[in-house]
**Student:** 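I have a structure I would like to understand better, so I am pasting it below and will then ask my questions one at a time.
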Amino acid sequence: MTAAIDTTIPTSDVDPFSPEFLADPWPFVTELREMAPVVHLERHDVHAIGRYADVHRALTDWQSLQSAAGVGLSNFNHEKPWRPPSVLLEADPPKHDAPRHVLQEILSPRSLRALEQRWRADAHTLVDEVLARGTAFDAVTALAEVFPLRVFPDAVGLGPDGRENLLPYGDFAFNAFGPQEGLVAKAAPTIGPTIEWIGEQCRRENLADGGFGCQIWEASDHGDITPEQAPLMVRSLLTAGVDTTVTGIAAVVHAVATTPGAWERLRAHPELLPRAFEEAVRLASPVQTFFRTTKVPTTIAGITLPADRKVLMFLGAANRDPRRWEHPDAFDLDRDPSGHVGFGMGIHQCVGQHVARLEATAVLGALLERVARIDLTGPVVHHPNNTLRGFERVPVEVTLA
């Protein structure tokens with residue numbers, strides 16, 4: 001029996017998965033965030049939160065707001081997942097603990113130092129290739145998509161064939177956190193071979209020695225995780241390891257191209273590049289939304305929700321909440337963006353965020369050395385996705401240093 005909805009909670013007919021919403025979410029999420037701390041979205045019968053303090057609390061309170069029932073619209077308590085659930089994203093302690101610990105070690109900043117010199121050299125090579133073709137290019141297809149697909153699959157230990165499947169698979173997986181009609185239904189007829197390819201790459205025999213994937217399987221040899229968990233952990237890397245980084249890189253280029261003086265300041269103070277990446281992630285919020293499910297009656301901002309209710313967290317709204325950020329819609333290199341929820345927060349915070357930071361600062365650092373100015377030359381095109389706020393096109397013209 002479904003618990004009654006608290007009639008004191010304001011309702012909205014906004015559909016966060018509609019084409020209009022996905023094309024430009026900011027007016028909608030601002031309206032929802034300012035309407036009330038908790039809003040009932042009638043279209044999907046879920047509760048939505050968008051204020052920073054409430055989203056932060058929801059992300060960190062895994063005891064009350066669980067991920068194991070799915071971090072999308074689907075409720076795994078009542079619906080069968082479209083694939084075996086993630087042992088990281090869609091699990092809570094204690095099942096979540098061992099996989100998280102293993103992957104944190106593999107992807108730690110200390111472990112990534114072995115890759116840093118090679119990735120920075122690869123970034124310089126890519127920037128040289130792009131600029132050799134001309135000073136006008138699309139920052140998405142020329143840089144943001146190319147670099148992660150050049151270095152990350154090698155780090156995981158994938159073979160050379162089929163890497164073009166990574167972007168459409170990640171796109172489909174993040175779409176699947178929304179309703180099964182619309183974008184999911186549109187992709188479903190042709191996604192089968194891509195899903196099959198991803199599954200094959202998770203097998204031990206298809207992963208090169210020394211890569212992230214091989215290290216995951218070695219952890220199962222040591223008993224740190226089970227052999228059943230190992231391929232699901234490799235799948236997690238392949239799901240979330242590319243699309244979000246692509247968007248993060250594109251977000252920085254877009255931010256500096258539309259903020260007067262920002263690129264020039266970064267050239268004068270390259271030590272600000274890590275801050276620029278974090279500020280761009282805060283501002284753009286590549287991951288716009290995730291769900292939690294109330295495990296017990298749970299009070300958020302004075303509103304008590306019954307158990308087994310889906311709660312939609314608007315990470316993008318929280319990252320632009322004026323209660324937390326001054327001038328939240330501006331890209332500000334003087335801001336300390338630490339605390340943003342662009343990578344989540346708490347025990348489910350993005351375990352691959354250090355990989356994303358290294359990739360982004362490598363390619364942007366190489367660009368800093370060669371380019372004196374970046375200007376936007378046309379309209380930016382966003383890629384519609386039920387969860388991600390990505391870019392399809394960021395056309396720029398650069399002035400060489």
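None of the values given here were measured: they were computed from a predicted structure.
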**Student:** For D92 versus S67, what's the shortest heavy-atom pair and its separation?
**Tutor:** OD2-N, 3.0 Å
**Student:** Pairs under 3.5 angstrom only: tabulate donor-acceptor contacts from the side chains of residues 146-161 to other protein residues two or more places apart or in another chain.
**Tutor:**
| residue | atom | partner | partner atom | Å |
| --- | --- | --- | --- | --- |
| R150 | NH2 | E129 | OE1 | 3.0 |
| D154 | OD1 | R163 | NH1 | 3.1 |
| D154 | OD1 | R163 | NH2 | 2.5 |

**Student:** Let me confirm one number: the CG-CG distance from L89 to L232, rounded to the nearest 0.5 Å.
**Tutor:**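 Spacing of CG (L89) from CG (L232) equals 12.5 Å.
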**Student:** Keeping T299 on the side-chain end and G302 on the backbone end, is there a donor-acceptor pair under 3.5 Å?
**Tutor:**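 A pair under 3.5 Å: no.
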**Student:** Do E105 and R100 meet the salt-bridge criterion of a basic N to acidic O distance under 4.0 Å?
**Tutor:** no
**Student:** Going from CG on L131 to CG on L367, what distance comes out if it is rounded to the nearest 0.5 angstrom?
**Tutor:** 6.5 Å
**Student:** Can you say whether the rings of W325 and Y52 are parallel (under 30°), tilted (30 to 60°) or perpendicular (over 60°)?
**Tutor:**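 W325 and Y52: perpendicular rings.
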**Student:** If you count heavy atoms of other groups shown closer than 6.0 angstrom to CD of E271, is the number above 12?
**Tutor:**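 It does: E271 CD has more than 12 such atoms within range.
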**Student:** Of the non-hydrogen atoms in H348 and A91, which two are nearest, and what is the gap between them?
**Tutor:**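 Answer, listing the atom of H348 first, then A91: NE2-O, 2.6 Å.
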**Student:** With no hydrogens and no angle check, is any side-chain donor or acceptor of T298 less than 3.5 Å from a backbone partner on T294?
**Tutor:**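 No.
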**Student:** Would you call R120 and E116 a salt bridge, taking side-chain N to carboxylate O under 4.0 Å as the test?
**Tutor:**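 Salt bridge flag = yes for E116 with R120.
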**Student:** Do D61 and K295 sit within salt-bridge range, that is, some charged N less than 4.0 Å from a carboxylate O?
**Tutor:**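 Not counted as a salt bridge, because no side-chain N and carboxylate O are separated by less than 4.0 Å.
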**Student:** Between Q288 (side chain only) and A284 (backbone N and O only), is there a donor and an acceptor less than 3.5 Å apart?
**Tutor:** yes
**Student:** Any donor and acceptor pair, going by atom type alone, linking the side chain of S285 with main-chain N or O of R282 inside 3.5 Å?
**Tutor:** yes
**Student:** Looking only at the aromatic ring of each residue, does the gap between the centers of F391 and H254 stay below 6.0 angstrom?
**Tutor:** yes
**Student:** Could you tell me the separation between the CG atom of L238 and the CG atom of N165, rounded to the nearest 0.5 Å?
**Tutor:**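 Separation between the atoms: 10.5 Å.
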**Student:** For I216 versus A230, what's the shortest heavy-atom pair and its separation?
**Tutor:**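 Minimum heavy-atom contact is CG2-O, 3.6 Å.
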**Student:** Would a distance-only check, ignoring hydrogens and angles, find a side-chain to backbone donor-acceptor pair under 3.5 Å from N206 to E200?
**Tutor:** yes
**Student:** Considering non-hydrogen atoms only, spot the tightest contact between R51 and R33 and give its length.
**Tutor:**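 Smallest interatomic distance, heavy atoms only, reads NE-O, 2.9 Å.
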**Student:** Counting only heavy atoms not in H327 (residues, nucleotides, ligands), do more than 12 fall under 6.0 Å from its NE2?
**Tutor:** no
**Student:** When you measure from the side chain of R389 to the backbone of A23, do you find a donor-acceptor pair of N or O atoms at a distance under 3.5 Å?
**Tutor:** yes
**Student:** Identify all side-chain donor-acceptor contacts of residues 369-377 below 3.5 Å with residues at least two apart in sequence or on another chain.
**Tutor:**
| residue | atom | partner | partner atom | Å |
| --- | --- | --- | --- | --- |
| E369 | OE1 | H124 | NE2 | 3.0 |
| E369 | OE2 | H124 | NE2 | 3.3 |
| R370 | NH1 | D128 | OD1 | 2.5 |
| R373 | NE | D375 | OD1 | 3.2 |
| R373 | NE | D375 | OD2 | 2.8 |
| R373 | NH2 | D375 | OD1 | 3.1 |
| T377 | OG1 | P395 | O | 3.3 |

**Student:** Looking only at heavy atoms, which two atoms of P16 and L312 are closest? And how far apart?
**Tutor:**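 The answer is CG-CD2, 3.8 Å.
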**Student:** For N175, does its backbone N or O pair with a side-chain atom of N386 as donor and acceptor, under 3.5 Å?
**Tutor:** yes
**Student:** Is the backbone of L107 close enough, under 3.5 Å, to the side chain of S111 for a donor and an acceptor to pair up by distance?
**Tutor:**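 Such a contact is absent between S111 side chain and L107 backbone.
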**Student:** Sequence neighbours left out, cut at 3.5 Å: what donor-acceptor pairs do the side chains of residues 176-185 make with other protein atoms?
**Tutor:**
| residue | atom | partner | partner atom | Å |
| --- | --- | --- | --- | --- |
| Q180 | NE2 | A176 | O | 3.4 |
| Q180 | NE2 | G178 | O | 3.2 |

**Student:** Would you please say whether a donor-acceptor pair under 3.5 Å links the side chains of H383 and D171?
**Tutor:**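 Per modelled atom types, H383 and D171 side chains form a pair under 3.5 Å.
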**Student:** Quick one: does any side-chain atom of T247 pair with a main-chain N or O of T244 as donor and acceptor, under 3.5 Å?
**Tutor:**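 It does not hold such a pair.
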**Student:** Please check if the number of heavy atoms outside D209 that lie under 6.0 Å from its CG is greater than 12.
**Tutor:** no
**Student:** Set out, in order, the CA-CA distance, both residues' side-chain angles and the distance that settles ring pair (Phe, Tyr, Trp, His ring centres under 6.0 Å) for F212 and W217, then state yes or no.
**Tutor:** CA-CA 9 Å; F212 299 153; W217 277 102; over 10 Å; no
**Student:** Might you point out which heavy atoms bring E392 and T141 nearest each other, and give the distance in Å?
**Tutor:** O-CG2, 4.4 Å
**Student:** Taking atom NE2 of H101 and atom CD1 of I106, what is their separation to the nearest 0.5 Å?
**Tutor:**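 One gets 10.0 Å once the value is rounded to the nearest 0.5 Å.
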**Student:** Before accepting this row, confirm whether a basic side-chain N of the pair R309/D45 lies closer than 4.0 Å to the acidic partner's carboxylate O.
**Tutor:**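 D45 and R309: salt-bridged.
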**Student:** Between the side chain of W82 and the main-chain N/O of A173, is any donor-acceptor distance below 3.5 Å?
**Tutor:** no
**Student:** To the closest 0.5 Å, what do you measure between OG1 (T245) and CD (E359)?
**Tutor:** 4.5 Å
**Student:** Which value, rounded to the nearest 0.5 Å, describes the distance between L59 atom CG and F290 atom CZ?
**Tutor:** 9.5 Å
